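Have a look at the structure below, then the notes.
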Protein chains: 2
Amino acid sequence: MLDDISRFRRFSRAVTSEVGALDTSFLGRGRPLGAARVLNAIGHGRTDVAAVRAYLGLDSGLMSRLLRGLEDEKLIKVTTDPDDARKRRATLTARGQKEFQAYEHLSDGRAQDLLVKYPHPETLLEAMDLVASALGREKWILEECDPRDPAARYCLEEYYGELNRRFDGGFDVSLSCDPDATDMIRPRGCFLVAMSDGLPLGCVGLKGTDKGYAEIKRLWVSPAARGMGLARRLMAEVEDIARDLNIDLLRLDTNSALPEAVRFYQTGGWTEIDRFNDDPYPDFFFEKAL
Amino acid sequence: MLDDISRFRRFSRAVTSEVGALDTSFLGRGRPLGAARVLNAIGHGRTDVAAVRAYLGLDSGLMSRLLRGLEDEKLIKVTTDPDDARKRRATLTARGQKEFQAYEHLSDGRAQDLLVKYPHPETLLEAMDLVASALGREKWILEECDPRDPAARYCLEEYYGELNRRFDGGFDVSLSCDPDATDMIRPRGCFLVAMSDGLPLGCVGLKGTDKGYAEIKRLWVSPAARGMGLARRLMAEVEDIARDLNIDLLRLDTNSALPEAVRFYQTGGWTEIDRFNDDPYPDFFFEKAL
DNA sequence: ATAGTTATCTGACTTAGGTCAGATAAAATT
DNA sequence: AATTTTATCTGACCTAAGTCAGATAACTAT
């Protein structure tokens, strides 16, 4: 009915007319938009004046005046960068912090007002997660972390939940060979999480063993990021790390109830091998030499 | 990991930084934003000056000046409303049409540039459809139309496609009792389509018969609109029309492979009855007295 | 050391955008 | 018929936002 471009433009119309109102939350505190935007950029951690200027696309003269105005209001303190005395850095004063929080509160309120219109917002929020992840794809960051960190645990919970839904008899972690966190920390292994502006989108674990190979575990990609090549990026990164750790053989297991995973390994340079463990869940086994 | 408000704000950040650029397409033709917005509003069919003013939220003085500017450029012609000589209506001149098309082309180009970054945009576009539909829910319109109109046929194709995916042995319209289009047109029946800014979101047909009852057929709701009460709205409307047509008994059939449909009828005042036709697909039958 | 580059500041200037008070004419209400 | 309301227009005015040219000081490269 509608072609892709029309669908895209329909989306942008809906969003600018409904969500665009969120920008308005920068008003309502008796300060012009420009000054409010600078204050908020600083509040969100952009201390470097040049960075704020680039982010907001402001002329240097204008920026200078806006900073002066905020200084006069005693909301920020501008100091010279110790490493490069040409550069300046701006930080919020206590009063600036309060003002920034007030803006945050306004924005939260607007978001809440819009959300409250939807009796069951979960479907909507899931679609929003996907759109935000896709649009911000260039800003995805792969981070190495402890598998017990909150982002990692969130991914693992989602992963277990999905297995439980997709396996015929469900999935119970305690019956599976749940890897020791310490086996997925350097130097024995590692754990990667992909983050997109605060939302974890996927993870993968490298579990060191004493059997002459390491195992790939817990490869998961959020529904909000599927079809965008994240699994491939995670695997490439974790293989690089494995090489760094002088690991020359990788193994993994998976299940035929996850056909997209099986296909992913088959087309990703992995060779099918015989069962190499006694975990009750997997029925497909692969290895790859590095 | 993130609460609903944070997810919503993450979405709005992503969208304003990526899609916000679409607004910029209103620039680039050497005209100030205000004038460009008015020209585009008129081009999109808002001929009533008051309507444009309300839509863009402009002061009457400012509006007046912007109209004068566009008139001076010979892009629009402002005439007095024949029904109410206080009101004025603006229409594009031939030159204005060309200029409007140039803006449309710019917007299409921007949309295309953003879309082209996604190798398989279908998932993204589906999520965008859903978000746009949800955000624009207040502007949904239920329209009565001929079941052979493009929007109706689009809905029916989607409906058949979904049945084909969800029924065990697939679905073939030609084996089903496909209702005659003329049975779903007044005065025998009717056909309703729900539109949301150009995208059909759902449909329902009322098929007149000569057997003392009418049938509800082809109730479908797009994945982009599920869980938002559209089926209920469509049914309420079609029941009103049935009453208008002096129909006092409705019947319908459905299939246990569509549990949400069965539940919808069970909780919507319908009573299960015995099979009343020999269509090979349905295995659930309902009726409702008006 | 010199020349060029970079980050910021300052002052002068322009424009878009928006507000306000009143004017005008048509329509609606009493 | 008189009054009120509505839709638009006009002129005066203001401010935010942005542009530009040059100044200053610090850093970088030759």
Side-chain angles (χ1 to χ4, degrees), chain A residues 16 20-21 23-42 46-73 75-91 99 103, chain B residues 16 20-21 23-42 46-73 75-91 99 103:
Chain A
T16 45
D23 290 353
T24 325
S25 60
F26 276 148
L27 302 171
R29 302 225 94 228
R31 212 184 319 280
L33 185 62
R37 296 215 304 157
V38 169
L39 181 68
N40 277 278
I42 296 169
R46 269 173 239 268
T47 49
D48 215 71
V49 166
V52 176
R53 212 153 76 68
Y55 172 62
L56 298 176
L58 295 175
D59 172 85
S60 71
L62 184 49
M63 182 69 191
S64 188
R65 259 180 288 272
L66 291 172
L67 286 175
R68 183 106 347 98
L70 292 171
E71 261 185 327
D72 289 352
E73 282 194 85
L75 298 173
I76 62 169
K77 209 169 56 182
V78 181
T79 56
T80 303
D81 187 325
D83 298 333
D84 182 342
R86 291 170 306 180
K87 287 185 184 166
R88 314 208 67 189
R89 12 183 78 249
T91 46
E99 193 62 19
Y103 276 110
Chain B
T16 45
D23 290 353
T24 326
S25 61
F26 277 148
L27 303 172
R29 301 224 94 228
R31 213 182 320 281
L33 185 63
R37 296 215 306 159
V38 170
L39 182 68
N40 278 277
I42 297 169
R46 268 173 240 265
T47 50
D48 215 72
V49 167
V52 176
R53 212 153 77 70
Y55 172 61
L56 297 176
L58 294 175
D59 171 85
S60 71
L62 184 50
M63 182 70 191
S64 189
R65 259 179 289 273
L66 291 173
L67 286 176
R68 182 107 348 99
L70 291 170
E71 260 185 328
D72 288 350
E73 282 195 84
L75 297 174
I76 62 169
K77 210 169 54 181
V78 181
T79 55
T80 304
D81 187 324
D83 298 332
D84 182 342
R86 290 170 305 182
K87 287 187 185 165
R88 313 206 68 189
R89 11 184 78 249
T91 47
E99 192 63 17
Y103 277 111

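Order of the sequence lines fixes the chain letters, A, B, ..., with proteins taken first and strands second; residue numbering starts at 1 for each chain. Nothing here was measured: the structure is a model prediction, and the numbers come from that model.
In this structure, the separation between CG on B/Asn40 and CD on B/Glu99 is 9.0 Å, given to the nearest 0.5 Å. To the nearest 0.5 Å, the span separating OG1 on B/Thr79 from NZ on B/Lys77 amounts to 7.5 Å.
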Could you list the donor-acceptor pairs under 3.5 angstrom formed between side-chain atoms of residues 48-68 of chain A and any protein atom two or more places apart in sequence or on another chain?
residue	atom	partner	partner atom	Å
A/Arg53	NH1	A/Leu58	O	3.1
A/Asp59	OD2	A/Gly61	N	2.7
A/Asp59	OD2	A/Leu62	N	3.3

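At whole-Å resolution of the value, CG in B/Asp72 and P in D/dC9 are 13 Å apart. A straight line from CE of B/Met63 to C1' of D/dT10 spans 16 Å, rounded to a whole angstrom. We find that CG of A/Asp48 is positioned 12 Å from C1' of C/dT8, with the value rounded to whole Å. If you take CZ of B/Arg53 and P of D/dC9, they are 10 Å apart, rounded to a whole angstrom. When the P atom of D/dA7 is taken as reference, atom CZ of B/Arg89 falls 14 Å away, rounded to whole Å.
Nearer the 5' end of DNA chain D, as judged by each residue's closest nucleotide, is the contact made by B/Val78, out of B/Val78 and A/Gly61.
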Problem set entry | B/S/- contact track for nucleotides 25-30 of chain D, protein heavy atom under 4.0 Å | -BS---
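Taking the salt bridge (charged side-chain N to carboxylate O under 4.0 Å, His left out) definition, one finds that B/Arg86 meets it with B/Asp84, sequence neighbours left out. Annotation: salt bridge (charged side-chain N to carboxylate O under 4.0 Å, His left out) contacts of B/Glu73 (sequence neighbours excluded): B/Arg31.
Closest of all the heavy-atom pairs between A/Leu70 and A/Leu39 is CD1-N, 4.0 Å. Scanning all heavy atoms of the two residues, the minimum distance from B/Ala85 to B/Thr80 falls at O-CG2, 3.3 Å.
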List, with names and distances, any nitrogen or oxygen atoms from the protein found under 3.5 Å away from nitrogen or oxygen atoms belonging to nucleotides 16-18 of chain C.
residue	atom	partner	partner atom	Å
C/dG17	OP1	B/Gly34	N	3.3
C/dG17	OP2	B/Gly34	N	3.3

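Fit an axis to the five pairs at each end of the helix from C/dA1-D/dT30 to C/dT30-D/dA1 and the two axes sit 30° apart, to the nearest 10 degrees.
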